[in-house]
Amino acid sequence: MLKEPTNRAATESTVLSAIGYAAKDPSSGLERFEFARNSAGSNEVQIDVLYCGVCHSDIHQVKNEWTNTVYPCVPGHEVVGRVVKIGPGVTRHAVGDLVGVGCMIDSCRHCEPCRSGDQNYCAGPNSWLSTYNGPMVPAAKAPAGDNMYGRDNTFGGYSDVLVVNEDFALKIPPALRPEVAAPILCAGATTYSPMKHWGVKSGDKVGIIGFGGLGDMAAKLAKAMGADVTVFTTSAAKLGESERLGVRIVLEDDKEQLAALASSFDFMLSTIPKKHDVNPFIKLLKRDCALVVVGALEPLAPVNNQLLALHRKSVAGSMFGNLADTQEVLDFCAEHGIGPDIEVIAIQDINEAYRKVEQGEVRFRYVIDMATLKANAKP
Ligand SMILES: [Zn+2]
Ligand SMILES: [Zn+2]
């Protein structure tokens, strides 16, 4: 995929009026916001947004918890919609197609990670272009002040219309309902990608730490891969989910059960979205095996290297999936009849939904029905 990224500064284009929900500053919450988008350039598709999932990153970003938020901030990177217009150079999609957009909408195409298909680790001057909040490395922090995408802020899927480069729009398989497909674009890809990279296979014993939206998705994917799955949670109320999901559920502070599980896991995935202590879980890994952190993007509690060195174990991190992994996890979910548990909400209820996600592990994923932007009615 060695095409050029879309540089807005160099592209002639007309303007579309869009409606979304945006935060003005870290404490404003989200409210209705009217703005302009450029209409589809040569290799871009215009998408009528149907649904957008609510990811914990949206909350971190809206509140500037990663200290890089560009305001106004229109979040949303679990977007499913219908293609309504295509640029003259588009070959991958047609008007009427159901497509999905995940965490990124462009990358440099030339760096080593991009050439090997890992656009999500783009090492170009501005790194990848995030679906919202602009380039991962903004011009002010780029070498020589580069601004290869020609923009400083991007507006995400909490809006009625999205325009993206065709390569970054994925195909939604017909077997997936669009509202169920939405969270797979981030939560699904983020958990599938490390399981693929570290070679999780049928018969492996897999531990999932945390039982929120990411943990639920990870457990279902690992189970469908044929793994023997154990989920670790802090919530006794979630022990009852065991039978329905066909996984073992263990309380994180149940020392007896943790001791019994020592040195038994082939792979562990931490989905906890904040700073936490992974040391108790390192003990549960077999020799040579890895614990991968996908939930937190901040410093963890110090890792005791003795626990790692004595049995050549590793603790690693991983981002959301690349384009191929994201398409693969959509297809995998369709094929295996799995998907996130969701609750569809109206955009007007978004601030309340954020509050609930922040309060605890909401195991299902909120998905916004974007039709509610136009009508004031709730779904
Ligand atoms: Zn996300
Ligand atoms: Zn790149």
Side-chain angles (χ1 to χ4, degrees), residues 45-55 76-84 86 90-105 117 120 131 157 162 164 166-196 200-202 206 208 212-227 229 241 243-247 269 271 320-345 363-371 379:
V45 294
Q46 180 183 328
I47 301 165
D48 254 5
V49 180
L50 299 173
Y51 294 97
C52 186
V54 175
C55 176
H77 61 205
E78 295 183 339
V79 190
V80 171
R82 186 129 351 241
V83 175
V84 291
I86 58 172
V90 168
T91 54
R92 300 169 63 93
H93 306 287
V95 169
D97 285 359
L98 200 58
V99 296
V101 177
C103 300
M104 56 183 170
I105 53 172
N120 51 336
T131 304
L162 194 64
V164 299
E166 62 165 337
D167 298 328
F168 286 73
L170 290 312
K171 304 272 184 202
I172 302 298
L176 283 179
R177 283 189 291 136
E179 60 272 41
V180 170
I184 298 171
L185 290 153
C186 171
T190 299
T191 51
Y192 179 85
S193 173
M195 288 198 267
K196 182 183 167 193
V200 170
K201 57 189 186 308
S202 183
V206 170
I208 308 295
L214 276 184
D216 170 70
M217 199 63 238
K220 286 172 177 163
L221 288 168
K223 171 98 183 134
M225 289 172 184
V229 181
E241 295 290 322
E243 206 169 309
R244 189 176 69 85
L245 289 175
V247 301
L269 191 71
T271 67
F320 57 88
N322 62 24
L323 289 173
D325 288 351
T326 309
Q327 187 63 62
E328 225 172 275
V329 67
L330 287 163
D331 297 342
F332 183 87
C333 288
E335 187 187 326
H336 291 267
I338 57 172
D341 288 355
I342 59 163
E343 184 174 318
V344 176
I345 58 168
R363 198 183 54 75
F364 51 80
R365 202 79 161 169
Y366 286 117
V367 175
I368 308 163
D369 176 355
M370 221 43 77

Chi angles and distances behind the side-chain contact (heavy atoms from CB on, under 4.5 Å) call for Ile368, Tyr51: CA-CA 6 Å; Ile368 308 163; Tyr51 294 97; over 6 Å; no

Stepwise, does the side-chain contact (heavy atoms from CB on, under 4.5 Å) test hold for Asn120 with Met104? CA-CA 7 Å; Asn120 51 336; Met104 56 183 170; 4.1 Å; yes

Kindly determine whether Arg244 and Asp341 satisfy side-chain contact (heavy atoms from CB on, under 4.5 Å), including the steps that lead there. CA-CA 12 Å; Arg244 189 176 69 85; Asp341 288 355; 2.9 Å; yes

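Atom CG in Leu162 sits 13.0 Å away from atom CZ in Phe168 (nearest 0.5 Å). In this structure, the separation between CG on Asp325 and CZ on Phe320 is 11.0 Å, given to the nearest 0.5 Å. Of the inter-residue distances, the one linking Leu221 atom CG with Ile338 atom CD1 reads 4.5 Å to the nearest 0.5 angstrom. Between the NZ atom of Lys196 and the CD atom of Glu328 there is a distance of 3.5 Å, given to the nearest 0.5 Å. Considering CD1 of Ile184 and CD of Gln327, their distance stands at 11.0 Å, rounded to 0.5 Å. The CG atom of Asp331 sits 11.0 Å away from atom NZ of Lys171, with the distance rounded to the nearest 0.5 Å.
Shortest non-hydrogen contact noted between Gly53 and Ala182 is N-CB, 4.0 Å. Considering all non-hydrogen atoms of both residues, Ala187 and Glu78 come closest at N-OE2, 3.3 Å. In plain terms, the two heavy atoms of Thr191 and Gly188 that are nearest each other are OG1-O, 3.2 Å. A pairwise comparison of heavy atoms in Gly76 and Thr131 identifies O-CG2, 3.7 Å as the closest pair. The shortest non-hydrogen separation linking Glu166 to Val45 is CB-CG1, 4.3 Å. Between Val79 and Gly157, the shortest heavy-atom distance links the atoms CG2-CA, 3.7 Å.
Side-chain atoms of Lys220 come within 3.5 Å of backbone atoms of Gly339 as a donor-acceptor pair (strictly under, hydrogens ignored). Panel note: side chain Asp369, backbone Val344; no donor-acceptor pair is recorded below 3.5 Å. Asp97 contributes no side-chain N or O that, together with a main-chain N or O of Val99, makes up a donor-acceptor pair within less than 3.5 Å.
The shortest distance between side-chain heavy atoms of Ile342 and Arg365 falls below 4.5 Å. For the pair Cys52/Val367, no side-chain contact is recorded, criterion being any heavy-atom separation below 4.5 Å from C-beta on. Within the 4.5 Å cutoff, no side-chain heavy atoms of Leu185 are placed close to those of His77. Counting heavy atoms from C-beta on, the side chains of Tyr192 and Met225 come closer than 4.5 Å. Residues Val80 and Glu179 form no side-chain contact, since every pair of their non-hydrogen atoms from C-beta on lies 4.5 Å or further apart. With a 4.5 Å cut-off on side-chain heavy atoms, Cys333 and Met217 count as touching. A heavy-atom distance below 4.5 Å is not found between the side chains of Leu269 and Leu214.
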